[in-house]
Amino acid sequence: MNIAKILQSQPDNGLITIKGWVKTRRDSKKISFIEVNDGSCLANLQVIAEDILPNYEEQIQHLSAGCSIKVTGHLTSSPAKGQNVELHATAIKIYGWAPPEDYPLQKKRHSFEFLRTIPHLRPRTNSLGAMTRIRSKLSFAVHHFFNQHDFVQVHTPIITTSDCEGAGEMFTVTALDLTKPETIKEGLFHHDFFGRQAGLTVSGQLEAEAYALALGKVYTFGPTFRAENSNTSRHLAEFWMIEPEMAFCDLTQNITMAEQLLKSLISYVITNCAKDLELFNRFIEKGLSDKLENIIKNDFDRITYSEAITELTKSGRPFNFPVEWGADLQSEHERFLTEEVFNGPLVVTDYPKTIKPFYMRQNDDHKTVAAMDILFPGIGEIVGGSQREERYEQLAVRMDEMKINREDYKWYLDLRRYGSAPHAGFGLGFERLVQFVTGISNIRDVIPFPRTPRSAAGD
Ligand code: ATP
Ligand code: MN
């Protein structure tokens, strides 16, 4: 039994065994109180060890934070405040010591910055442990949601030859030995493993479209890679993205699906991670619980990009990036809109086609596309999606205009030649969702081993 289950059980004096890591040890006359955590929940189990135990003086009295132990004992009701049960040890076995002189995790609270320097040990802290459990529950909730809505999960490739966003932010995957000067010759990738340049996927969308146009409703949930040199608190070079794609679906239905998904995920966590959330509510973001409840209760506001530009201009705010029709919304603009104007989630639709990828469906004004971004307070963009261009001619012309080689995307154009249908989808950044749900401000602290520019160390 793990500690989470034990803490919910009735003390019946029965003999049980637990295994975990010591958080603290405190001695009183002839007795030691040892707080043990096994990662199954935030709370520790209090172990009572008396000096009659054979290894009391030699070992138990030397236990310190980080040691791993096995305790066998009787579970009894506890007189102490804040806990129902405690474990009266009949035997304690030590698996591994953690010398206090150099064990980096002491009892005090450590900053996230410091913890980032020990990514292999930080999961043992309360905050990273709670984050990791919430992340896991959220991941389960994603699959649960799509399963309930009859979506089919598709494993799209991680190595790909299509740069979905066309922004050139791909990591190249090569089997060439680039340290040898003679490797660098004409037609470099022609000699490479795949016979052409390949990279790590920046999105599974294009491949998901192929499956949506066969299976109806599909989704992908996998790692995504972007070699963008943005050292921000919301960008990683390796992150996880949830990408549903739906045939016979327009922009409005797409937005509705995204809104339902977000609400469902957040309410799943509220129901299933109450104790872990409480930690974040108390120590990381005051008012977190209310913020999450409000997301579930209220409809998301919706405005067009053009209306957003009007709002921003009207505000008279001195933004760092200029506000003008045709320019992309920067994070400062997104956050102003969602945090100060709407004070809640905001869906922005119909962006200028010039700032969006080639596959988004052109609106009748020929200037904008059927795009939608969902902005969240404190985060900015959490979802980016669109109705896709299902008309062959329009798509091909748009590719020409954007200097995208039709030959390279022949398979993608085929989807418009054979049985094309209106379809739409979006990408939800999983880490940004975990940030929102926990209130953790830096994206490096919501993924086990963060990869960012000049940093891929620690494991
Ligand atoms: P941004 O403008 O914030 O850089 P984007 O427009 O490049 O994001 P999309 O291509 O629309 O992002 O990707 C869909 C979603 O994936 C985003 O809404 C965001 O939640 C998430 N996302 C995108 N880039 C990153 C990144 N580098 N690290 C973490 N999450 C990301
Ligand atoms: Mn986007």
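Computed from a predicted model, the values in this text were never measured in an experiment. Reckoned from all heavy atoms, side chains included, excluding hydrogens, waters and symmetry mates. One-based numbering, in listed order, for ligands and for the atoms of each. Position 1 is the first residue of the sequence, and the numbers go up from there.
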Verdict with supporting geometry, Tyr268 and Phe145, ring-ring contact (aromatic ring centres under 6.0 Å, His included): CA-CA 10 Å; Tyr268 188 90; Phe145 175 89; over 10 Å; no
Aromatic plane relationship, Phe436 with Phe376 - under 30° parallel, 30 to 60° tilted, over 60° perpendicular: tilted
Atom indices of ligand 1 within 4.0 angstrom of Arg234 heavy atoms, with elements: 28 (N), 29 (C)
Geometric N/O contact Ile443 with ligand 1, under 3.5 angstrom: no
N or O pair under 3.5 Å between Met241 and ligand 1: no
Salt-bridge contact Lys217-Asp150 (side-chain N to carboxylate O under 4.0 Å): no
Distance-only side-chain donor-acceptor flag, Lys353 / Asn363, under 3.5 Å: no
Geometric class of the Phe114/His110 ring pair [parallel <30°, tilted 30-60°, perpendicular >60°]: tilted
Numbered atoms and elements of ligand 1 in range of Val383, under 4.0 angstrom, heavy atoms: 18 (O)
Distance-only N or O hit between ligand 1 and Leu428, under 3.5 Å: no
Region of His235 engaging ligand 1 - heavy atom pairs below 4.0 Å: both
Distance filter under 4.0 Å to Gly427 heavy atoms, resulting ligand 1 atoms: 14 (C), 15 (C)
Plane angle bin for Tyr219 and His143 - parallel if under 30°, tilted between 30 and 60°, otherwise perpendicular: tilted
Glu381 atom (N/O/S) at minimal separation from the Mn ion (ligand 2): OE2
Heavy-atom check, side chain of Ile379 versus side chain of Gln435, under 4.5 Å: yes
Asp373 near the Mn ion (ligand 2): N/O/S under 2.8 Å: no
Option of least heavy-atom distance to atom 27 (N) of ligand 1 (set: Glu381, Glu228, Gln205): Glu228
Nearest candidate to atom 25 (C) of ligand 1, where distance is taken over non-hydrogen atoms, out of Trp240, Phe239, Phe225: Phe239
Close side-chain approach of Glu228 and His235, heavy atoms under 4.5 Å: yes
Ligand 1 versus Glu431: contacting region, heavy-atom distance under 4.0 Å: neither
